[in-house]
Protein chains: 2
Amino acid sequence: MSQSVPRRRAPRNSLSAELIVDRALALLDQKGIEAFSMRALAEELGVGTMALYTYFRGKEELFRAARDRVLGTYQPPCTSGSWDEQLRALCLSMYELFTGRPSVLQLLAEGKAEGDFADAASVTMEQVVKLLCGSGLDRQAAARAAGTLIGFTIGSALRQVRECDEEGQMTAKAELLRRRFAALSPERHPALTDLAPELTVAREDGEGQYTFGLGLILCGLRELAGSDCAAPQS
Amino acid sequence: MSQSVPRRRAPRNSLSAELIVDRALALLDQKGIEAFSMRALAEELGVGTMALYTYFRGKEELFRAARDRVLGTYQPPCTSGSWDEQLRALCLSMYELFTGRPSVLQLLAEGKAEGDFADAASVTMEQVVKLLCGSGLDRQAAARAAGTLIGFTIGSALRQVRECDEEGQMTAKAELLRRRFAALSPERHPALTDLAPELTVAREDGEGQYTFGLGLILCGLRELAGSDCAAPQS
DNA sequence: CGCTCTACCGTACGCTGTACGTTAGGGAGA
DNA sequence: TCTCCCTAACGTACAGCGTACGGTAGAGCG
């Protein structure tokens with residue numbers, strides 16, 4: 001009955017590391033990181049599960065390869081203008097990279113793909129650091145600003161991705177959010193319930209949310225670079 | 001030989017939802033979210049695995065309960081001072097809550113504990129929103145600022161947690177980071193290699209990193225509230 | 001004493017990642 | 001052309017996961 005046909009043996013060189021990573025990324029973006037499994041990927045490729053292990057030591061190594069593929073392929077935009085405008089463009093581009101590749105973002109954020117980055121993956125970081133160093137900030141502030149920007153970008157993208165796992169799910173999640181706000185007792189949380197509509201729409205517009213926060217950070221950086229503003233403590 | 005003794009049946013009412021959550025949190029904080037399993041938790045409690053299912057529908061419900069326990073127990077600090085100083089204190093306190101309970105943070109960030117929050121869990125958010133509303137920002141800006149602050153806080157805490165999973169591992173990770181920087185080709189990444197020392201120390205001091213970024217955001221918010229600064233685009 | 005109710009438990013199923021040993025097909029040498 | 005070998009692809013197996021389902025025992029009550 002359900003006796004699955006034993007699957008014809010795949011031709012000798014039908015596989016390659018690149019092809020595996022291709023399909024893996026497709027599967028990840030399509031079904032999500034939870035649904036990904038070596039068996040599923042192998043089936044997708046029309047191949048036995050263990051065939052994958054000829055090219056990758058294990059799942060984590062495959063994940064690293066997928067991460068490096070995406071980060072290595074990515075090219076930061078050519079920017080011009082003042083350093084803060086360029087930073088804004090760079091960061092926004094990173095944000096879009098991450099939200100466009102939710103599964104890769106999760107690989108990064110959830111530590112499924114630890115380990116050294118490929119050299120090419122650091123191009124954007126290089127740009128960011130260069131701009132910060134040329135902005136008038138001292139070295140320590142520049143380093144911390146870089147950390148702030150990348151942390152904020154990843155954090156925001158992660159939030160955005162969590163909000164709408166699948167494409168069409170956004171409205172469903174928004175509905176859930178609305179109910180969550182509605183469930184709050186207005187006496188205990190007056191400000192929260194009062195601002196609920198705005199909070200909901202803000203949450204729905206992830207990119208607007210991100211650019212808003214990015215604007216705040218850049219504003220702070222300008223102040224700091226001009227050094228006519230009290231430096232944030234320590 | 002390895003015939004494990006079948007474990008004496010546990011006395012009739014030796015279990016409770018609270019006790020289970022207690023041990024679950026202990027296990028999570030101790031061994032990490034990866035090592036957690038229903039079987040391990042049950043063994044820790046000296047109880048059969050399926051006993052847990054009399055109190056929780058499944059693992060996710062247990063995670064939700066653990067999350068609500070931590071978030072519900074937490075009390076935001078009593079603050080005083082200007083709205084931005086209070087916001088700083090509140091956010092810093094949240095940051096410390098999260099970094100002090102890495103596993104709960106991961107539950108939140110990785111979506112292992114989706115679903116409605118307990119009412120008590122929203123106290124901090126209520127405070128944040130209240131302060132923002134009283135700061136002079138318009139409603140939409142206040143809503144977005146709230147999102148920015150919470151996103152940045154969670155993102156930063158997540159970064160910090162990733163950096164040192166176990167207590168003593170920080171130095172090891174720092175070493176790894178150092179090697180990662182050393183592996184970069186100085187020609188392709190001049191700014192990055194130049195700033196490597198500062199980037200490394202910044203990364204090691206997660207809290208300093210966080211307060212720096214928080215300062216930037218608050219600076220931006222002050223500008224925006226005083227409305228003598230161009231509002232960040234859209 | 002006996003009955004019922006339910007907290008606790010054992011077993012089993014389908015899933016996961018992957019260690020290990022096997023097989024078969026293409027290329028090289030005789 | 002025949003043969004041999006190397007290795008890409010594979011099947012099996014194992015430990016561990018979450019949990020559905022049915023059984024069991026012990027406490028409380030009539």
Side-chain angles (χ1 to χ4, degrees), chain A residues 1-21 23-24 27-28 31-66 103 106-107 110-115, chain B residues 1-21 23-24 27-28 31-66 103 106-107 110-115:
Chain A
M1 317 301 280
S2 69
Q3 174 74 8
S4 65
V5 175
R7 231 184 20 76
R8 302 215 59 71
R9 182 176 270 262
R12 181 80 175 174
N13 277 330
S14 58
L15 233 47
S16 72
E18 266 127 278
L19 200 137
I20 292 176
V21 170
R23 290 290 232 202
L27 199 59
L28 279 170
K31 311 256 181 174
I33 205 173
E34 297 301 315
F36 179 94
S37 78
M38 296 302 261
R39 281 176 168 84
L41 175 58
E43 185 153 5
E44 196 78 10
L45 286 159
V47 136
T49 307
M50 295 313 289
L52 305 176
Y53 286 81
T54 349
Y55 297 89
F56 299 96
R57 203 178 290 275
K59 195 164 86 143
E60 186 160 339
E61 188 171 303
L62 201 163
F63 278 168
R64 264 195 299 270
S103 46
Q106 279 176 272
L107 291 185
E110 298 182 11
K112 310 276 192 192
E114 306 268 13
Chain B
M1 301 292 108
S2 68
Q3 174 74 9
S4 65
V5 175
R7 235 190 9 82
R8 303 215 59 69
R9 195 181 189 83
R12 183 77 175 175
N13 277 331
S14 58
L15 231 46
S16 73
E18 266 126 281
L19 201 138
I20 293 176
V21 170
R23 290 289 231 203
L27 198 60
L28 278 171
K31 311 255 181 175
I33 204 173
E34 296 301 314
F36 179 93
S37 78
M38 297 301 262
R39 282 175 166 87
L41 175 57
E43 184 153 6
E44 194 81 9
L45 286 159
V47 135
T49 307
M50 295 314 289
L52 305 175
Y53 286 80
T54 17
Y55 296 89
F56 298 96
R57 204 178 290 274
K59 196 164 87 144
E60 186 160 339
E61 189 171 303
L62 201 164
F63 278 167
R64 263 196 298 270
S103 47
Q106 279 176 273
L107 291 185
E110 299 183 11
K112 310 276 191 193
E114 305 268 14

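Everything quoted here is computed from the prediction, not taken from an experiment. Only heavy atoms go into these numbers, but all of them, side chains included; no hydrogens, no water, no symmetry mates. Proteins come first, then strands; the chains are lettered A, B, ... in the order of their sequence lines, and each starts at number 1.
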Rounding to an integer number of Å, can you tell me how far [X] [atom1] sits from [N] [atom2]?
X       : N      : atom1 : atom2 : result
A/Ile20 : D/dA9  : CD1   : C1'   : 11 Å
B/Phe56 : C/dC8  : CZ    : C1'   : 16 Å
B/Glu43 : C/dC8  : CD    : P     : 17 Å
B/Leu41 : D/dG16 : CG    : C1'   : 16 Å
A/Leu45 : D/dC10 : CG    : P     : 10 Å
A/Arg8  : D/dA8  : CZ    : P     : 21 Å
A/Glu61 : C/dA19 : CD    : C1'   : 16 Å
B/Met50 : D/dC17 : CE    : C1'   : 13 Å

Touch class at under 4.0 angstrom, heavy-atom based, for B/Thr49 against every strand present: base
Over all atoms of both residues, closest heavy-atom pair of A/Val21 and A/Ala66: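 Residues A/Val21 and A/Ala66, closest heavy atoms: CG1-CA, 3.9 Å.
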For the student: nearest non-hydrogen atoms of A/Leu41 and A/Phe36, plus distance: CD2-CZ, 3.9 Å
Residue-phosphate contact under 4.0 Å: B/Ser14 side-chain N/O, C/dC8 OP1/OP2: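 Yes, because at least one side-chain N or O of B/Ser14 sits under 4.0 Å from OP1 or OP2 of C/dC8.
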D/dA9 phosphate, OP1 or OP2, under 4.0 Å from A/Tyr55 side-chain N/O: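 Looking at the OP1 and OP2 atoms of D/dA9, one of them is under 4.0 Å from a side-chain N or O of A/Tyr55.
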Atom CD of B/Glu61: over 12 foreign heavy atoms under 6.0 Å: yes
Crowding at CD, A/Glu43 (>12 non-hydrogen neighbours, <6.0 Å): no
Minimum-distance nucleotide (side-chain atoms of B/Thr54 versus D/dA20, C/dA7, D/dG11):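 Among the listed nucleotides, the one closest to the side chain of B/Thr54 is C/dA7.
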Residues B/Arg64, B/Glu60: salt bridge by 4.0 Å N-O rule: yes
Within the sub-3.5 Å range, which N or O atoms of nucleotides 14-17 of chain C have a protein N or O partner, and how far apart are they?
from	atom 1	to	atom 2	distance (Å)
C/dT16	OP1	A/Ser37	OG	3.1
C/dG17	OP1	A/Met38	N	3.4
C/dG17	OP1	A/Lys59	NZ	3.3
C/dG17	OP2	A/Met38	N	3.0
C/dG17	N7	A/Arg39	NH1	2.6
C/dG17	O6	A/Arg39	NH2	3.2

Steps toward side-chain contact (heavy atoms from CB on, under 4.5 Å) verdict (B/Ile20, B/Val47): CA-CA 11 Å; B/Ile20 293 176; B/Val47 135; over 6 Å; no
Output one line per pair: protein atom, nucleotide atom from nucleotides 25-30 of chain D, and distance, for all N/O pairs under 3.5 Å.
from	atom 1	to	atom 2	distance (Å)
D/dG26	N2	B/Arg12	NH2	3.2

Toward the 5' end of DNA chain C, by each residue's nearest nucleotide, B/Ala10 or A/Arg57: B/Ala10
Test log, rule side-chain contact (heavy atoms from CB on, under 4.5 Å), inputs A/Lys59 and A/Met38: CA-CA 7 Å; A/Lys59 195 164 86 143; A/Met38 296 302 261; 4.0 Å; yes
